[in-house]
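By convention in this document, chain letters (A, B, ...) are assigned in the order of the sequence lines, proteins followed by strands, and residues within each chain are numbered from 1.
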Amino acid sequence: MILNIPSRKSAIISFKEKNGNIAAVFPIHYPRALLRAFNILPVEVWGPPKVDRSLGNSQIQTYVCSIVQNSFSFLQAGGLNDCDLLLIPHTCDSLQGFAGLIKDFIPLEKQVLTLYLPRGQRQSDLEFISNEFRSLYHSLSEITGLKPDSKTMLAFQIEEEKANDLLKKLYLNKHTLSLADEEFYTLIRCREYLPAEEFSNLVEEALNNNSTPSSSHIPIMLSGIVPESMTLFSILNSLGAKVVADDFACCGRRVYPSGTSDEPFLRMAESIQNSPPDSTRGHSIESRGKYLLNEIKRSGAKGFIFFDINFCEPELFDLPILTEILKENNIPVLTLLIDISDTISEQIKTRIQAFLELIQ
Amino acid sequence: MNLSNTLTYHWNVNILGKSVLRYHRLKNTYFKPAKAKWSAPYLTPPLNISAWTKELVGRHYLKGNFVNQTQKVVWVTSGAPVEFLKALDYYILYPENHGAVCGTLRVAEEICTLAEDNGYSKDICSYARTDIGSMLSGKTPVGKLPKPDLLLACTNICQTVLHWYRVLAHHFKVPLILIDTPFLYDEAKDHDIAFVKKQIEDAIPVAEKVAGKSLDFKKLKNITRYAQKATYLWAEILSRAESRPAPISVFDQFIQMAPIVELRGEAVTVDFYAAMLKEIDHRISKGIGAVVKEKKRLLWDNLPIWYRMRYLADFFGQHGIVISASTYTNAWGELADFIDAEKPIESAALTYIHPILNRSTGHKLKIMTMMFDKYKLDGAILHSDRSCKPYSIGQLEQRERIIRHLGKPALLLEADHNDPRSYTEDTTANRLSAFIEMLES
């Protein structure tokens, strides 16, 4: 099956042609609907992988992760010139430093907005996120001159929730889809830049094209921040594996449930607050372990691969205990640490191959 | 707590331990054997107060060896709001301070390796690896660390602490209190402060439940008052480095800051810093500097390199250079005005959201600029600390601006505060030599 997925660039051009603005949004969680209510399309920046990093090296130390290194280089190289503003959620110490560096020292013609996401799942955290969204509303209002009302914001939130529900359905029906893993994840990841309504159309199209599930592949689950390089998927498939579930920060951890409140800021906050456990949002390691075991059970995964980024402290701290939890439940585990600019090396391929042989 | 435990605790801590530590303090203060053996002609021998510091820190860790039998224990991050915990009579352990002790005594590498052997990456903070290695193996140079009944992580110094404390919570199976302090890119918003205040209020019943007692607000106010007094005294002490020659260097400050971090809120800490200030004023009146022939004065940015403190002090001392100011030690004195003993919870929210590490990189540059002016500095050493990203990201730009806007030389020194494997002596010596040549030219 071939889906006609627009590129990032064409999505930007198309939205701009309709007099919309573009926000470059950095990982991981933020209120898409709030931006859309201001006629701003969020286009996410997860690196990107293929960037000349020399531009960033002069301002960011080499022991900072490759997402931040590449983002900074990309910005310096003019890669974000088409964007009208930047939104940097407070995801980790490195993105915090990145935002500070840009706001304080790098002269930009566009506004740089930040958003603090609390690390707890308490009532006080929910109220705080709502307040952060209110504060973001005022900043966006100052930039655009618009003042969308509650009804408008709720309408956009409901559109996002529809897309989220479809995303969930896509995951649940993955085994029946006639999509190779790389195609599947290309579809999932176009959520990073397509308007919710366009994403929903693509997902519905994919869901209508079923195929007979293949039983010859080894089902595995992946975890990490971002699956770069995306050739990982074709390599896994060529080695006889099939990805049946994931815990990637840019994919599976963003299957947001719908909010319940009629108040738009609170509803957006509920949606993020109740999303799957995430190291960057302060969930306990136990809750992450429990979630992973449930996903493994649901998807029938026979092995688990941590595909993490060097220097990513939020992920690295959890790895030993999560590995222990999985192994206690007889799930074979492989840990691969990469740099998002790296191609998948022969050494990594050999390790994956050996891991799959072990599972068989 | 039974009678036998109480007797064991009091015998070891309050009778035997206290006597031995006091004897050593008096011996070192009045008979001065350490000074007799002093072998660094470029540096003035340590302050007399150092003997008291050793006694205070030694007693704190000695107490930790036995305290599980008599008191509830909480492990906290270094910038955590501890006053309400102290008012609930917790014994408070600071794993970061313990990490620094391991670093200074050069056992951190071995302990970090134990964490790495258990799957913890070398790319995570070396304080955390030291603590986790110690937790998993029981290895520590202080005898034994008490097991926590409660954990409290405050994110005002980094997000790393939360990841680290989640590991501790998993291991010890005890409650973890989170005080999440929104990062301040600009000024604190009302809802930022309200959020921190609410979390402190919510933390109190959790801490009360574990402690088995209720919070006495009168006691909390007194503790807050002591915390403020000690913080003011510490700030005064640091300000005395304005004098020429500077009576203390940052290497003294790094050691003498232990009580303001781990004994904040105690009467003895106030007495200690009052005595220290007196000794420093005496030095000033006699024209005694930390470096015998002071020629140049520098700023130190970021955490110390704990395992090479003496080497660096000697190296700079030989060249007549005193590092007289530090953003790191300044952080423990600059928030005193926020503290208000009459409003202990509200003021804690305001105080603990404002540390330098919870503020933007531009704010740090402002502080550095202020320090250049106040201490009449000739240059800066920016320790690019592999283990502390919040402190280090932005340093390349800060260095550039110090050079360009202040017209002062600044050196970026690559190392790690606790893990010597990320430090190369030859490279460091070469870079420092070249920097000093430039400074002297």
Tell me whether B:Arg166 is salt-bridged to A:Glu286, with the criterion being a basic N under 4.0 Å from an acidic carboxylate O.
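No, B:Arg166 and A:Glu286 are not salt-bridged.
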What part of [X] is in contact with chain A, defined as an atom under 4.5 angstrom from a non-hydrogen atom: side chain, backbone, both or neither?
X        : answer
B:Ile124 : both
B:Ser392 : both
B:Ser422 : neither
B:Asp385 : backbone
B:Leu176 : neither
B:Leu357 : backbone

At a 4.5 Å cut-off on heavy atoms, which part of [X] comes close to chain B: side chain, backbone, both, or neither?
X        : result
A:Ile285 : both
A:Ser135 : side chain
A:Arg134 : neither
A:Asp125 : both
A:Ser94  : both

Just by distance, with hydrogens left out, do [X] and [Y] show a side-chain donor and acceptor under 3.5 Å apart?
X        : Y        : result
B:Asp192 : A:Tyr116 : no
B:His163 : A:Glu315 : no
A:Gln59  : B:Glu397 : yes

Quick check: are there more than 12 heavy atoms from other residues, nucleotides or ligands sitting under 6.0 Å from NZ of B:Lys139?
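No, NZ of B:Lys139 has 12 or fewer neighbouring heavy atoms, counting only those of other groups under 6.0 Å.
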Other residues, nucleotides, ligands: >12 heavy atoms within 6.0 Å of A:Glu328 CD:
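Yes, CD of A:Glu328 has more than 12 neighbouring heavy atoms, counting only those of other groups under 6.0 Å.
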For side chain to side chain contact (heavy atoms under 4.5 Å, CB included), just list the numbers for B:Lys189 and A:Glu132, CA-CA rounded to whole Å, side-chain angles, deciding distance to a tenth of an Å, and then say yes or no.
CA-CA 10 Å; B:Lys189 299 185 284 278; A:Glu132 277 292 272; 3.4 Å; yes
Using side-chain heavy atoms (C-beta onward) and a distance below 4.5 Å, is [X] in contact with [Y]?
X        : Y        : value
B:Phe183 : A:Thr114 : no
B:Lys198 : A:Ser124 : yes
A:Arg122 : B:Leu178 : yes
B:Pro390 : A:Gln96  : yes
B:Ser360 : A:Asp104 : yes

Exam field: side chain A:Asp93 to backbone B:Cys158, donor-acceptor pair closer than 3.5 Å
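No; zero donor-acceptor contacts below 3.5 Å.
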When you measure from the side chain of B:Arg401 to the backbone N and O of A:Phe105, does any donor-acceptor pair fall under 3.5 Å?
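Side chain of B:Arg401 to backbone of A:Phe105, a donor-acceptor pair under 3.5 Å: yes, one is there.
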May I ask you to name which of [options] has the most heavy-atom pairs under 4.5 Å with chain A?
options                                : result
B:Pro182, B:Gly362, B:Ser121           : B:Pro182
B:Ser384, B:Ala194, B:Ala153           : B:Ser384
B:Arg386, B:Arg359, B:Gln199           : B:Arg386
B:Asp190, B:Leu162, B:Thr160, B:Asn118 : B:Thr160

Assign the ring pair A:Phe128 / B:Phe195 to parallel, tilted or perpendicular, where the plane angle (0 to 90°) is split at 30° and 60°.
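If you compare the ring of A:Phe128 with that of B:Phe195, the planes turn out parallel.
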Distance from [X] atom [atom1] to [Y] atom [atom2], nearest 0.5 Å?
X        : Y        : atom1 : atom2 : value
A:Ile102 : B:Thr361 : CD1   : OG1   : 12.0 Å
B:Arg129 : A:Phe317 : CZ    : CZ    : 9.0 Å
A:Leu95  : B:Lys389 : CG    : NZ    : 12.0 Å

Which residues from residues 61-76 of chain A are near chain B, with near meaning under 4.5 Å between non-hydrogen atoms?
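Hits under 4.5 Å: A:Gln61, A:Tyr63, A:Val64.
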Kindly give the heavy-atom pair with the smallest separation between A:Ile60 and B:Leu396, and that separation in Å.
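That would be N-CD1, 3.5 Å.
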Ignoring hydrogens, what is the shortest heavy-atom contact between B:Gly119 and A:Pro320? Give both atom names and the distance.
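In this case the closest contact between B:Gly119 and A:Pro320 is O-CG, 3.3 Å.
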With side chain to side chain contact (heavy atoms under 4.5 Å, CB included) as the test, would you mind laying out the steps for A:Lys103 and B:Asp186 before giving the verdict?
CA-CA 10 Å; A:Lys103 278 173 79 77; B:Asp186 305 298; 3.8 Å; yes
